[in-house]
Trainee: 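Got a structure here, written out as structure tokens. Questions coming.
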Protein chains: 2
Amino acid sequence: MQVTKTLDYAVRSLTYMGHQPIGKHSMKEISQEQHIPLSYLAKIMRRLVKKGLVRSSLGPDGGYTLRKSPNEINLRDIYEAIEGEIRMVECMDKDSICVLYDTCPQLPVWDKIQLSMVKILEDTTLADMLKERKNITMNQVN
Amino acid sequence: MQVTKTLDYAVRSLTYMGHQPIGKHSMKEISQEQHIPLSYLAKIMRRLVKKGLVRSSLGPDGGYTLRKSPNEINLRDIYEAIEGEIRMVECMDKDSICVLYDTCPQLPVWDKIQLSMVKILEDTTLADMLKERKNITMNQVN
DNA sequence: ATATTATGGAGTCACAAAGTCCACAATATA
DNA sequence: TATATTGTGGACTTTGTGACTCCATAATAT
């Protein structure tokens with residue numbers, strides 16, 4: 001029931017890129033700025049490319065660019081790109097079989113929690129998170 | 001971000017006991033009825049005893065009894081007895097240190113999700129879950 | 001006295017998260 | 001066109017922990 005480091009890395013990378021949504025950002029740059037192991041970051045970025053969240057280009061001056069603007073990328077997209085489909089319990093999987101499924105008293109609870117979680121993730125965009133950061137910075141200044 | 005089998009076992013055991021809240025239930029009985037490995041259940045019950053959710057008695061005709069009535073035991077109690085304090089991300093731990101903490105843009109999101117999760121867990125009691133089951137059973141009868 | 005129950009702790013196993021490494025492909029530019 | 005720079009793809013290692021077992025011990029009902 002915890003956010004994995006991998007997801008954290010992905011969110012941090014994308015948030016970082018969100019500061020210059022048009023610009024291109026190399027793995028090296030992201031790795032250094034966000035303190036993420038380069039070779040591990042490589043793996044994560046591949047998923048983000050494959051899922052269509054970022055575009056990549058090779059060669060010198062290559063790197064990554066956001067495919068959509070920060071207010072069009074929500075946390076659910078990122079979550080699912082990294083972790084796959086969201087589900088609180090195994091038995092919510094389509095392929096799973098549980099004899100107790102039909103009368104399971106806990107299922108409604110986990111389902112409720114999952115729904116509220118998905119909603120919050122969906123309602124939160126990269127832009128929101130960038131705003132969040134600015135607010136805090138402003139508070140510090142004042 | 002998933003419910004562990006251990007937590008599932010704990011909830012199932014307690015729900016089972018909730019059917020006869022006054023009665024005594026041996027590990028063997030619970031294990032057989034709920035299809036939980038006996039030796040593993042032993043470990044789980046120890047935590048529930050230690051955290052004060054159930055009372056245990058030794059010897060023949062020994063077993064476990066709920067310490068409170070089903071409507072006084074909520075899922076948060078059970079969750080925390082098994083998994084410890086609820087926290088979505090490592091850095092929410094008191095002892096953790098993260099340089100980014102003060103300006104971290106994702107923290108508010110995870111915090112929000114965690115709060116809504118805790119609320120739902122707190123609002124859901126064993127009694128609620130027992131009711132849930134009855135409803136479904138009634139639906140099946142009709 | 002004996003059988004039955006829970007307790008406490010040590011130990012095993014499997015799997016997945018986290019991270020590394022390397023050979024390869026694309027491409028800008030000198 | 002040679003070279004340096006960048007991402008790609010896959011294999012591999014490490015580490016931690018969830019899930020589970022086993023056993024010796026303590027309490028207690030009959």
Side-chain angles (χ1 to χ4, degrees), chain A residues 1-13 17 23-67 79 81-85 87-91 93, chain B residues 1-13 17 23-67 79 81-84 87-90 93:
Chain A
M1 201 86 79
Q2 272 212 344
V3 175
T4 63
K5 257 184 179 178
T6 314
L7 179 57
D8 173 50
Y9 288 161
V11 174
R12 261 157 63 191
S13 301
M17 294 173 69
K24 211 182 290 173
H25 305 272
S26 74
M27 255 185 16
K28 206 195 225 171
E29 176 196 350
I30 299 174
S31 160
Q32 286 173 352
E33 290 298 319
Q34 291 296 312
H35 306 98
I36 302 169
L38 182 67
S39 53
Y40 194 50
L41 180 59
K43 252 186 156 177
I44 295 170
M45 293 312 288
R46 241 185 296 157
R47 290 203 67 78
L48 297 182
V49 169
K50 192 167 266 177
K51 296 293 178 175
L53 293 182
V54 297
R55 186 186 317 117
S56 71
S57 54
L58 285 179
D61 198 45
Y64 300 98
T65 315
L66 293 181
R67 263 216 141 88
Y79 185 103
I82 297 299
E83 313 273 11
E85 202 185 341
R87 55 186 155 86
M88 293 285 289
V89 281
E90 205 61 40
C91 64
D93 194 357
Chain B
M1 201 85 80
Q2 271 214 345
V3 175
T4 63
K5 256 186 179 177
T6 314
L7 178 57
D8 174 50
Y9 288 162
V11 174
R12 262 158 61 190
S13 301
M17 294 172 71
K24 209 182 290 174
H25 306 272
S26 73
M27 256 186 11
K28 206 195 227 170
E29 176 195 351
I30 299 174
S31 160
Q32 286 171 351
E33 291 297 319
Q34 291 295 311
H35 307 96
I36 302 169
L38 183 66
S39 54
Y40 194 49
L41 181 60
K43 251 188 156 174
I44 296 171
M45 294 312 288
R46 241 185 295 157
R47 291 203 67 79
L48 298 181
V49 170
K50 192 167 267 177
K51 296 293 179 176
L53 292 183
V54 299
R55 186 187 318 116
S56 70
S57 53
L58 287 178
D61 198 46
Y64 299 97
T65 314
L66 294 181
R67 265 214 139 89
Y79 185 103
I82 298 298
E83 313 274 12
R87 53 187 159 85
M88 293 285 290
V89 279
E90 204 61 41
D93 194 357

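Proteins get letters first, then strands, A, B, ... in listed order; numbering begins at 1 in each.
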Trainee: Are the side chains of Ser13(B) and Ile44(B) in contact, using a 4.5 Å heavy-atom criterion?
Mentor: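 A side-chain contact under 4.5 Å is absent here.
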
Trainee: Within the structure, does a side-chain N or O atom of Thr6(A) lie under 4.0 Å from either OP1 or OP2 of dA18(C)?
Mentor: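 The answer is yes; a side-chain N or O of Thr6(A) sits under 4.0 Å from OP1 or OP2.
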
Trainee: Is the shortest heavy-atom distance from the side chain of Tyr40(A) to the side chain of Lys5(A) under 4.5 Å?
Mentor: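 Of all side-chain heavy-atom pairs linking Lys5(A) with Tyr40(A), none is under 4.5 Å.
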
Trainee: Please report the distance, rounded to the nearest Å, between CE in Met27(A) and P in dG9(D).
Mentor: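 In whole Å, dG9(D) P lies 13 Å from Met27(A) CE.
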
Trainee: Mind calculating the distance between NE2 (His35(B)) and P (dA19(D)) to the nearest angstrom?
Mentor: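 Going from His35(B) (NE2) to dA19(D) (P), I get 19 Å.
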
Trainee: Does any part of the side chain of Leu48(B), heavy atoms only, come nearer than 4.5 Å to the side chain of Ile82(B), both counted from C-beta?
Mentor: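 Yes, close enough: below the 4.5 Å cut-off.
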
Trainee: Identify, between Ser56(B) and Thr4(A), the residue whose nearest nucleotide on DNA chain C lies closer to the 5' end.
Mentor: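 Counting from the 5' end, the first nearest nucleotide belongs to Ser56(B).
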
Trainee: Find the distance Leu38(A):CG to dT5(D):C1' and express it as a whole number of Å.
Mentor: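 Atom CG in Leu38(A) sits about 13 Å away from atom C1' in dT5(D).
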
Trainee: I want to confirm an ordering. Mapping Ala42(A) and Gly59(B) to their closest nucleotides on DNA chain D, which one lands closer to the 5' end?
Mentor: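 It is Ala42(A), whose closest nucleotide lies nearer the 5' terminus.
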
Trainee: Lys5(B) side chain N/O closer than 4.0 Å to the phosphate oxygens (OP1, OP2) of dC20(D)?
Mentor: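 Answer yes for this pair, as a side-chain N or O of Lys5(B) is under 4.0 Å from OP1 or OP2.
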
Trainee: Would you say the base of dG19(C) and the side-chain of Lys43(A) have a donor-acceptor pair closer than 3.5 Å?
Mentor: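 Such a pair exists between side chain and base.
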
Trainee: Among dA26(C), dG18(D), dG10(D), which is the nearest nucleotide to the side chain of Leu58(A)?
Mentor: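 The listed nucleotide nearest to Leu58(A)'s side chain is dA26(C).
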
Trainee: Distance check needed: dG18(D) C1' versus Glu83(B) CD, whole Å only.
Mentor: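 Between C1' of dG18(D) and CD of Glu83(B): 10 Å.
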
Trainee: Any N or O donor-acceptor pair under 3.5 Å from the base of dG7(D) to the side chain of Arg46(A)?
Mentor: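 No, the side chain and the base share no sub-3.5 Å donor-acceptor pair.
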
Trainee: Does Ser57(A) place a side-chain N or O at less than 4.0 Å from the phosphate oxygens OP1/OP2 of dT6(D)?
Mentor: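 The answer is no; no side-chain N or O of Ser57(A) sits under 4.0 Å from OP1 or OP2.
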
Trainee: Any heavy-atom pair between the side chains of Leu41(B) and Tyr9(B) that's under 4.5 Å?
Mentor: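 Not touching, per the 4.5 Å side-chain cut-off.
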
Trainee: Rounding to a whole Å, what distance do you find between Lys50(A):NZ and dG10(D):C1'?
Mentor: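 Checked: the NZ to C1' distance equals 11 Å.
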
Trainee: What is the separation between atom CG on Leu48(B) and atom P on dT7(C), rounded to the nearest whole Å?
Mentor: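 Distance, rounded to whole Å: 10 Å.
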
Trainee: Would you mind classifying the nucleic acid contact of Ser39(B) as base, sugar-phosphate or nothing, using non-hydrogen atoms under 4.0 angstrom?
Mentor: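 The residue Ser39(B) makes base contact.
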
Trainee: Which nucleotide, dA19(D), dA18(C), dT8(D), lies nearest any side-chain atom of Tyr40(B)?
Mentor: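 Nearest listed nucleotide: dA19(D).
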
Trainee: Nearest of dT6(D), dT7(C), dT5(D) to any side-chain atom of Lys28(A)?
Mentor: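 The listed nucleotide nearest to Lys28(A)'s side chain is dT6(D).
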
Trainee: Please check the phosphate of dT7(C) (OP1 and OP2 only) for any side-chain N or O of Tyr64(B) closer than 4.0 Å.
Mentor: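 So the side-chain polar atoms of Tyr64(B) do come within 4.0 Å of the phosphate oxygens OP1 or OP2 of dT7(C), strictly under.
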
Trainee: Is any side-chain nitrogen or oxygen of Tyr9(B) closer than 4.0 Å to OP1 or OP2 of dC20(D)?
Mentor: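 Yes, such a contact exists.
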
Trainee: I'd like to know whether Met27(B) forms a side-chain contact (heavy atoms from CB on, under 4.5 Å) with Met45(B), so could you lay out the CA-CA distance, the side-chain angles of the two residues, the decisive distance to 0.1 Å, and finally the verdict.
Mentor: CA-CA 8 Å; Met27(B) 256 186 11; Met45(B) 294 312 288; 4.2 Å; yes

